[in-house]
Amino acid sequence: MTAIATLGSHCALQVLKGAKDEGLRTLLVCEKKREKLYKRFPFIDELVLVDSFVEVLDPRCQRTLEENDAVIIPHGTLIAQMSSEQIESIKNPIFGNKWILRWESDREKKEELMREASLPMPQKVSSPSEIDKLVIVKRQGAAGGKGYFMAASEEDYHKKRNDLISQGIISADEPLYIQAYAAGVLAYLQYFYSPIKEELEFFGVDQRHESDIEGLARIPSEQQMKNNKVPSFNVIGNSPLVLRESLLDEVYTMGEKFVEAAKRRVAPGMNGPFCIEGVYDENAKFTSFEFSARIVAGTNIYMDGSPYYSLLYNEQMSMGKRIAREIKNAKDLNHLDKITT
Ligand code: AMP
């Protein structure tokens, strides 16, 4: 029997609950310090205890996963804690396309793929000396917004960067990526592409709550100036959003363009869940600053099913359950190779 395995963090509970609901066996690669937490959930069949997640690469772990015929579901923690080379070296089947995760982690490659998909993007600023408007400065990989900062001039950039270096939040040799700041309503568009059905599904939208940038709005501007700390964009949680229906057509078009671009550039393409992240401005024009080429934690808000999936499925369908369903369908058709790498 096929099993589903994932790392104990991010969206593990949703993924494994969905797998259990689909009748699959569930394995969690779990750091010892979190054993007590994950033991609370009866739908997890087996904990594979590790000191750190990189042990997924060890023969012991790989063997356990292999003996269980496990498919690994990659999520943000895998990308945050392992290099692209390490992820690509995993021998067990990974759901979706493990090769595209490198394109998510690397800012230059990310931009290339977004351009290929014709996603409207904020202007890239090549060097701090070119900062002539409000910009956001980002780190590589899935840092979750920690250590990001805003700057309005070259001087401001260097001051804040130095502050973060001295606080040990970023390192002095870390390459940073500068992009024009896009103001508006944040929207993280969640999709699923099935190479079995050759169909794109729109799952839902979430918003991220980021500390401490969000808390700043509660502080009067004159007091904000007195607070010397560089505000971060560290994600604390997510909440749901539904879009004006008139925006949906464009949402599907963007997702389809992204799937087509991924097919052209990163075989076998953007299979499984993904997310296009951005901002709607005052004219409801979308600007995209990011994509995630795997399940995002924002889908956790829809563990009982999302508004948009309730239109497509006459049952409660979470993203975790949708992934498990795809694996079952692929297995029945003898096409696991189509949905894993
Ligand atoms: P990211 O790692 O690119 O998802 O960015 C983390 C957070 O920074 C996002 O959730 C947004 O709040 C913010 N952000 C990133 N890029 C931009 C941008 N170009 N304009 C405005 N906010 C941004």
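Read the numbers this way: they start at 1 and go in the same order the structure lists the ligands and their atoms.
- Near Tyr148, meaning under 4.0 Å from one of its heavy atoms, ligand 1 places the atoms 1 (P), 2 (O), 5 (O), 6 (C), 8 (O).
- Of the inter-residue distances, the one linking Leu27 atom CG with Leu7 atom CG reads 12.0 Å to the nearest 0.5 angstrom.
- Of all atoms in ligand 1, listed by their number and element, those nearer than 4.0 Å to a heavy atom of Lys138 are 3 (O), 15 (C), 16 (N).
- Each of the following atoms of ligand 1 lies closer than 4.0 Å to a heavy atom of Glu277: 4 (O).
- Not a single N or O atom of Leu186, backbone or side chain, sits closer than 3.5 Å to an N or O atom of ligand 1.
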- Task: Would you check, one step at a time, whether the test side-chain hydrogen bond (donor to acceptor under 3.5 Å, both in side chains) holds for Arg139 with Tyr177?
- Result: CA-CA 6 Å; Arg139 304 173 71 192; Tyr177 181 90; over 6 Å; no
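- For Glu46 and Thr26, the side-chain atoms include no donor-acceptor pair closer than 3.5 Å.
- Remark: the Asp206 side chain and the Asn238 side chain contain an N/O donor-acceptor pair separated by less than 3.5 Å.
- For the pair Val279 and ligand 1, no heavy-atom separation below 4.0 Å is found.
- With a heavy-atom cut-off of 4.0 Å, Pro122 touches ligand 1 through its side chain alone.
- Between atom OG of residue Ser292 and atom CD1 of residue Ile79 there is a gap of 7.0 Å, rounded to the nearest 0.5 Å.
- For the pair Tyr181 and ligand 1, the shortest N or O to N or O distance does not fall below 3.5 Å.
- Within ligand 1, counting atoms from 1 as listed, the ones closer than 4.0 Å to a heavy atom of Tyr188 are 9 (C), 10 (O), 11 (C), 12 (O).
- Separating the CD atom in Glu201 from the CG atom in Leu311 is a distance of 12.0 Å, to the nearest 0.5 Å.
- Going from atom OG of Ser194 over to atom CZ of Arg325 covers 12.0 Å, rounded to the nearest 0.5 Å.
- Of all the heavy atoms of Ala180, the ones lying under 4.0 Å from any atom of ligand 1 belong exclusively to the backbone.
- Considering Arg208, Glu210, Met121 only, the shortest heavy-atom separation from atom 7 (C) of ligand 1 involves Glu210.
- For Phe203 and Tyr302, the ring centers are positioned less than 6.0 Å apart.
- At a heavy-atom cutoff of 4.0 Å, ligand 1 is contacted by the side chain of Phe233 but not by its backbone.
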